[in-house]
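To start, the structure under review is shown below, and the notes come after it.
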Amino acid sequence: RVDNIAANQAGTTLSNQAELSYRNAAGQLGNLTPVTQTVTVVEPNLQIAKAANVNAVLANTASTVRFTLTLANPAGANVSTAYDVSINDALPIGFASASLVGSPSASGGVTGADCSFAGTTLHCSADVFPPGGQLVITYDATTTAALPEGASLTNAAAAQWTSLPGSDSGEQRTGEGGVNDYAAASGVTVHVGTPALAKSIIDPQQRYAIGDVVTYQVVLSFPGTLNN
């Protein structure tokens with residue numbers, strides 16, 4: 001069994017040598033040429049990304065933000081399958097409700113994918129997550145109508161997984177901390193603001209004669225790329 005120790009990381013080579021000594025019928029000692037076998041440690045390499053369709057919402061207005069979570073295990077040298085994958089994404093105070101948009105989209109051999117909300121906390125899981133696998137989750141979250149100007153809504157989605165299926169936590173690598181570093185997180189911030197109105201004269205002059213044309217510019221700006 002490959003030990004769950006810090007020295008064993010993806011790409012680490014482990015060698016084992018077998019030797020045989022014997023005595024023949026005449027009592028003479030004989031030795032066979034030692035035989036060595038080398039194995040390479042492989043590990044899952046899950047990566048998570050969280051994105052929002054806007055980076056700002058209006059103050060004192062209930063707004064809907066669409067979030068997308070993408071969890072992937074990019075194929076590559078020394079990349080293995082992840083098991084018992086879990087994702088937790090707890091929205092901060094300032095969001096009143098949340099709901100999934102369709103079902104989780106699993107590809108590349110990912111099996112057992114499932115998601116649900118408990119209040120404004122998202123829980124997702126997947127049983128098997130092979131190299132090249134991907135899981136995409138989309139959900140809508142609605143803010144309260146009492147967000148103050150200048151506030152920020154920040155949160156992160158966190159994923160954990162294991163090196164083997166099942167609950168043999170004493171032998172497999174998990175995401176519990178220390179050498180058990182099978183964990184990843186990704187966050188996003190949504191700002192709260194209000195529109196601004198500005199008016200100016202294009203190419204202003206000190207004096208204007210009767211009949212001169214004065215050109216004005218009116219700019220209505222919004223914070224970030226907001227949704228209302």
Please check if the number of heavy atoms outside L29 that lie under 6.0 Å from its CG is greater than 12.
yes
Where the side chain of T143 meets the backbone of S63, is there a donor-acceptor pair that is under 3.5 Å apart?
yes
Here the gap from D212 atom CG to R207 atom CZ, rounded to the nearest 0.5 Å, amounts to 12.5 Å
Closest approach of A49 to S186 (non-hydrogen atoms, all atoms of both residues):
CA-OG, 3.5 Å
Would you say Q205's side chain and D203's backbone share a donor-acceptor pair under 3.5 angstrom?
yes
Could you check if a side-chain atom of I48 sits within less than 4.5 angstrom of a side-chain atom of T70, using non-hydrogen atoms only?
no
Whether the S152 and H191 side chains hold a donor-acceptor pair (N or O, under 3.5 Å, no angle test) is what I'd like checked.
yes
As an exercise, state the distance from CG of L32 to CD of E19, rounded to the nearest 0.5 Å.
10.0 Å
Compare all side-chain heavy atoms of V190 with those of N55 and state whether any distance is below 4.5 angstrom.
no
In terms of ring plane angle, is the pair W161 and Y182 parallel, tilted or perpendicular, where the classes change at 30° and 60°?
parallel
Pick out which of T68, T138, V65, D140 makes a side chain to side chain contact (heavy atoms under 4.5 Å, CB included) with N53.
V65
What are the two closest heavy atoms between D181 and R173, and how far apart are they?
OD1-CD, 3.8 Å
Residues N31 and Y22: side-chain donor-acceptor under 3.5 angstrom:
no
Can you confirm whether more than 12 heavy atoms, excluding those of Q17, are under 6.0 Å from its CD atom?
yes
For a quick test of reading the model, state the closest non-hydrogen atom pair linking P104 to C115 and the distance between them.
CG-SG, 3.6 Å
Identify the heavy atoms of Y216 and I201 that sit nearest to each other, and give their distance.
CE2-CG1, 3.6 Å
Spacing of T81 atom OG1 and L46 atom CG [to the nearest 0.5 Å]
10.0 Å
To the nearest 0.5 Å, what is the distance between CG (L147) and CG (L58)?
10.0 Å
From T40 atom OG1 to L14 atom CG, the distance as rounded to the nearest 0.5 Å:
8.0 Å
Please give me the minimum heavy-atom distance between F67 and A141, naming the atom from each residue.
CE1-CB, 3.9 Å
If I compare all heavy atoms of P131 with all of V79, which pair ends up nearest, and what's the gap?
CG-O, 3.5 Å
Spacing of OG1 belonging to T38 relative to CG belonging to N16, to within rounding of 0.5 Å:
9.0 Å
